[in-house]
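Note on naming: letters A, B, ... go to the chains in the order of the sequence lines (proteins, then strands), and numbering restarts at 1 for each one.
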2 protein chains.
Amino acid sequence: MTAEPAPATGAISRPTLADVAARAGVSASTASIAFSGSGPVSDATKERVLAAAAELGYGGPDPRARSLRQGRSGIVGVVLEERVRAAFLDPVKIQTLDGLTEGIAPLGAGLLLLTDSGDGGGPVSIDNAPVDAVVLIGCSPKFWRQIEALQRRGIPTVAIEGAPGGDIPEMTIDNREATRRGAEHLRDLGHTDVATVTLPLDPDRTRGPLTPELEAACTVDTTIERLRGARDVYPGLRAQVAAASSIEEGREAGLSLLADAATRPTAIIAQSDLLAAGVIQAAEELGIDVPAELSVIGFDGIRVDGLQHDLTTLVQPSVAKGRAAGEAIVQMLAGGSPKSVRYTSTLHVGDTTAPPRAR
Amino acid sequence: MTAEPAPATGAISRPTLADVAARAGVSASTASIAFSGSGPVSDATKERVLAAAAELGYGGPDPRARSLRQGRSGIVGVVLEERVRAAFLDPVKIQTLDGLTEGIAPLGAGLLLLTDSGDGGGPVSIDNAPVDAVVLIGCSPKFWRQIEALQRRGIPTVAIEGAPGGDIPEMTIDNREATRRGAEHLRDLGHTDVATVTLPLDPDRTRGPLTPELEAACTVDTTIERLRGARDVYPGLRAQVAAASSIEEGREAGLSLLADAATRPTAIIAQSDLLAAGVIQAAEELGIDVPAELSVIGFDGIRVDGLQHDLTTLVQPSVAKGRAAGEAIVQMLAGGSPKSVRYTSTLHVGDTTAPPRAR
DNA sequence: CAGTCGGGTCGAATCGATTCGACGTACAAT
DNA sequence: ATTGTACGTCGAATCGATTCGACCCGACTG
């Protein structure tokens, strides 16, 4: 080619597929096929195209253009409704995410983290991101507007623990029934004086004793359902609200519940294993023996790194929920209409619950 | 136009901006402006466009087309070289990620998780994702090919702990010097018999005593640098390799180092705080008092949820590194050329180190 | 030897929106 | 009354690649 475009002007604009094609003396169509491998190309041509690309410093087809033409981006959005740090400190969410990656593995897609932080502010928000599908993890209904937009755009959406409404498939467990089963276990052991440590009730993450006002303003389904489950057995039980699912928060809540030896409960239902671990720690600090003097029951069934007890807990299939959500996404992208699945949790009886000591 | 395309055939294809514009009786350009707000539009027109959109069930502009035209996607890629679960269980990575989100906040961008798993398999791999920039976190040089492609495409790239080479800005700490300082602290206390528990040496995450073969095949810079730092003071120290940075792994490594009372070291340098916490746990199980009988030093300066000791450790600014990487990205997108930054870690002396007990 | 099959290549349309320059029109300033 | 200006709107080009139908020609079949 004598008619070189004279790139001496500098790398002002990066080469495009068309440039490469011209350099190789083929059409853009052929060059495209040479790169993507979809369609027949002679080896000679392919080599020539690749060589031209190398000479021009071409870095491969632009993903943006590709995704526009193909109509999909290969990206699955994950909505977390928390800042990144908070979400990633919760082992249950991690497990769920891990299951999700398994579930969508056949897609070979990437995971785009979306939080409510930059809601509408930046160029990428929930309803405004180049995603092929969206998974909502533990989301309150406050996103209905964006979710509606997703629906209109025909983007498959699945929810995990958090009912967005509409005909969105949900992967859930029966939090109330599960907690009730845990409470029944305590009742069967003979406990009558039971308290609970709950997860946050609202996005503000207020900490402290549960008040009717707080409860009325609760936006977190999971928390309220587990609370109801406990009340099904112990209607008037004391409740302490933690600001997050962590050992430290559990410890603080535990300390306030156990501080007064006179009013101390004989068992505590924690709404997560981390909280339970914190409660146990608080008990140990106060010289209260678990389970002889205090029974503790958790929720989740995660392995708490560093906890030496075999926690009595309600084992929920976090990974399975994530995987199911991923598989549902795959189905929906293939035109299917997966159903919601309600998983069951199983009570694992460890060594942190025992009959109350006779007083 | 009397020749309407008669969309009575059904909602086979979703409406586009052009459809909305036609319905509202304006041009596509005007409709675009009405949506994006960039440019002057009369309120009447804007309302008409929005109304038309509502009637047609239009969900807003297609992000794919937008990103093609605008040349940016509003997405920052994060390369982790681990499966999701492993990465998210490491508090240091979480902190770094958190700092990163802070740093790129002005961009309002989303975070796209990229791991080596679907490498080239799926539609989205490192060099083939619609990202505006990429952050490599603790990556080995095995991605040089993809990174080169990124460079060619002119995508800003920043590395955190992991030297990809080239002129990519790096946010690092001097792992060797830091560890050496920790070792010197032990030496100053009088310790002569010291062992170390290292992070994984390779992607296979082999566990066990460190062998010359393993060491020769090491691909993880951080591990090897911290090992060197320890050897600068204690050239022949015993080393046990953990398969991950976790309390449990630290505990196992600790048990094997401390099992034999005769050959037991008086101090252990752990390459992470989680490992240190595990070592302390192992010591407690064996009835070895920390710090009276065993000094333990960690690395990272994270708060280990559930650890009651004030760990002596090398506090590194994980969040700052992440934030700096984010800010570097912002600069690069603005045309700047940020420099690499080498952070310094500080030795925090807690209550887990003390002079060795006289034998 | 004619007809057909199919591998390899090309041209042109397409994906859906954004953006730039141009064109009126209405209103204010001179 | 006229020139200037600012605003609102439109048309057309553009972003960069993929894909579909058409086409050419060598090879194989009847």
Which residues pass the salt bridge (Lys or Arg N to Asp or Glu O under 4.0 Å) test with A:Asp98, not counting sequence neighbours?
B:Arg83, B:Arg85
Nearest 0.5 Å please: distance from the CD1 atom of B:Ile137 over to the CD1 atom of B:Ile160.
4.5 Å
Look only at the side chain of B:Thr219 and the backbone of B:Asp202, and say whether a donor-acceptor pair between them is shorter than 3.5 Å.
no
Start and end of chain B contact along DNA chain C [non-hydrogen atoms, under 4.0 Å]
C:dG16 to C:dT19
Can you tell me if A:Arg145 has over 12 outside heavy atoms packed within less than 6.0 Å of its CZ?
no
Give the residues of residues 42-52 of chain B touching DNA chain D, defined as any heavy atom closer than 4.0 Å, sorted by residue number.
B:Ser42, B:Thr45
Toward the 5' end of DNA chain D, by each residue's nearest nucleotide, A:Gln70 or A:Ala65
A:Ala65
DNA chain C: 5'-proximal contact among B:Ser29 and B:Leu68 (nearest heavy atom):
B:Leu68
Please list every donor-acceptor pair under 3.5 Å in which a side-chain atom of residues 320-329 of chain B meets a protein atom from a residue at least two apart or in another chain.
| from | atom 1 | to | atom 2 | distance (Å) |
| --- | --- | --- | --- | --- |
| B:Lys321 | NZ | B:Glu161 | OE2 | 3.1 |
| B:Lys321 | NZ | B:Gln316 | OE1 | 2.7 |
| B:Arg323 | NE | B:Glu102 | OE1 | 2.9 |

Do side-chain atoms of B:Asp132 reach the backbone of B:Gly74 as a donor and acceptor pair under 3.5 angstrom?
yes
For B:Ala52, enumerate each residue passing the side-chain contact (heavy atoms from CB on, under 4.5 Å) test, keeping only those at least two apart in sequence or located in another chain.
B:Val20, B:Arg23, B:Ala24
Identify whether any heavy atom of A:Pro61 sits under 4.0 Å from a base atom; if not, whether one sits that close to sugar-phosphate; answer base, sugar-phosphate or nothing.
sugar-phosphate
Which side-chain N or O atoms in residues 33-44 of chain B pair as donor and acceptor under 3.5 Å with protein atoms at least two apart or in another chain?
| from | atom 1 | to | atom 2 | distance (Å) |
| --- | --- | --- | --- | --- |
| B:Ser36 | OG | B:Ser32 | O | 3.2 |
| B:Ser36 | OG | B:Ser38 | N | 3.3 |
| B:Ser36 | OG | B:Ser38 | OG | 3.0 |
| B:Ser42 | OG | B:Thr45 | N | 3.2 |
| B:Ser42 | OG | B:Thr45 | OG1 | 2.6 |

